[in-house]
Amino acid sequence: MWKGHKVGNSGSLPTIIMFALLFGLMYFMFIRPQAKRRKEAESMQKSLGAGDKVITIGGLYGTVVSTDDESITLEISPGVTARYARQAVGRVTEQVTVPTEHVVDSPVKEDK
């Protein structure tokens with residue numbers, strides 16, 4: 001053998017560390033952000049309600065008329081509706097908030 005060269009597996013530890021760091025970097029650069037985007041999209045699709053204006057992943061603009069567990073019905077033109085899977089919604093352009101009822105804690109007594 002050559003002088004000063006060790007025979008054995010002493011060089012495998014840096015290789016294992018390098019692969020672990022590479023996997024960790026890939027996780028934080030690709031896998032984690034993709035999972036976060038998927039959760040945000042699912043949340044947005046679950047919160048759809050009547051009156052929301054949306055754009056489908058195919059580029060169709062419409063207004064949500066009704067929803068159920070798996071699909072939504074969009075009005076794509078006055079009087080024209082189409083049913084789509086919730087996953088087909090790409091983004092919400094305008095979300096209608098349902099007004100909450102004003103609850104009075106202590107009602108005012110009227111004088112009679």
Side-chain angles (χ1 to χ4, degrees):
M1 287 286 153
W2 296 318
K3 281 186 173 179
H5 187 287
K6 292 183 180 180
V7 176
N9 290 334
S10 64
S12 65
L13 185 61
T15 304
I16 292 171
I17 292 172
M18 182 184 71
F19 277 117
L21 289 174
L22 183 62
F23 179 75
L25 180 65
M26 286 177 50
Y27 174 78
F28 283 106
M29 295 289 290
F30 300 109
I31 298 170
R32 189 170 177 228
Q34 181 64 30
K36 184 178 178 183
R37 280 191 295 272
R38 186 178 65 241
K39 284 182 183 179
E40 288 173 354
E42 287 175 3
S43 173
M44 177 268 304
Q45 291 164 354
K46 286 180 183 178
S47 70
L48 290 173
D52 293 345
K53 296 183 187 231
V54 298
I55 302 174
T56 65
I57 56 175
L60 184 76
Y61 288 73
T63 303
V64 177
V65 176
S66 65
T67 63
D68 63 20
D69 290 339
E70 296 179 2
S71 64
I72 61 168
T73 303
L74 293 180
E75 183 177 38
I76 51 179
S77 184
V80 179
T81 60
R83 187 172 162 221
Y84 289 90
R86 281 186 179 266
Q87 293 80 10
V89 175
R91 66 183 169 132
V92 177
T93 57
E94 184 179 322
Q95 192 160 21
V96 176
T97 56
V98 178
T100 58
E101 292 182 27
H102 181 67
V103 179
V104 179
D105 293 332
S106 57
V108 178
K109 295 181 182 180
E110 295 181 18
D111 292 331
K112 291 185 183 182

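Quick caveat, the model's predicted, so the values are computed rather than measured.
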query: Could you give the distance from CG (L22) to CD1 (I17), rounded to the nearest 0.5 Å?
result: 13.5 Å
task: Enter the distance from T63:OG1 to K53:NZ here, rounded to the nearest 0.5 Å.
output: 4.5 Å
message: Within this structure, what is the CG-CE distance for the pair L21 and M26, rounded to the nearest 0.5 Å?
response: 13.0 Å
- prompt: Among the clusters formed by ILVMFWY side chains lying less than 4.5 Å apart, do V65 and I76 turn up in the same one?
  reply: no
query: Once you round to the nearest 0.5 Å, how far does CD1 of I57 lie from CD of Q87?
result: 9.0 Å
Let me check something: any side-chain donor-acceptor pairs from residues 27-45 under 3.5 Å, sequence neighbours excluded? List them with distances.
{"unit_1": "Q34", "atom_1": "OE1", "unit_2": "R37", "atom_2": "NH2", "d": "2.9"}
{"unit_1": "Q45", "atom_1": "NE2", "unit_2": "V89", "atom_2": "O", "d": "3.2"}

Set of residues satisfying side chain to side chain contact (heavy atoms under 4.5 Å, CB included) with respect to S47, sequence neighbours excluded: Q95
- prompt: Rounded to the nearest 0.5 Å, how far does CG of L48 lie from OG of S71?
  reply: 11.5 Å
task: First locate atom CD1 of I72, then atom OG1 of T81, and finally report the distance between them rounded to the nearest 0.5 Å.
output: 11.5 Å
Connected-component partners of I55 among ILVMFWY, side-chain separation under 4.5 Å: Y61
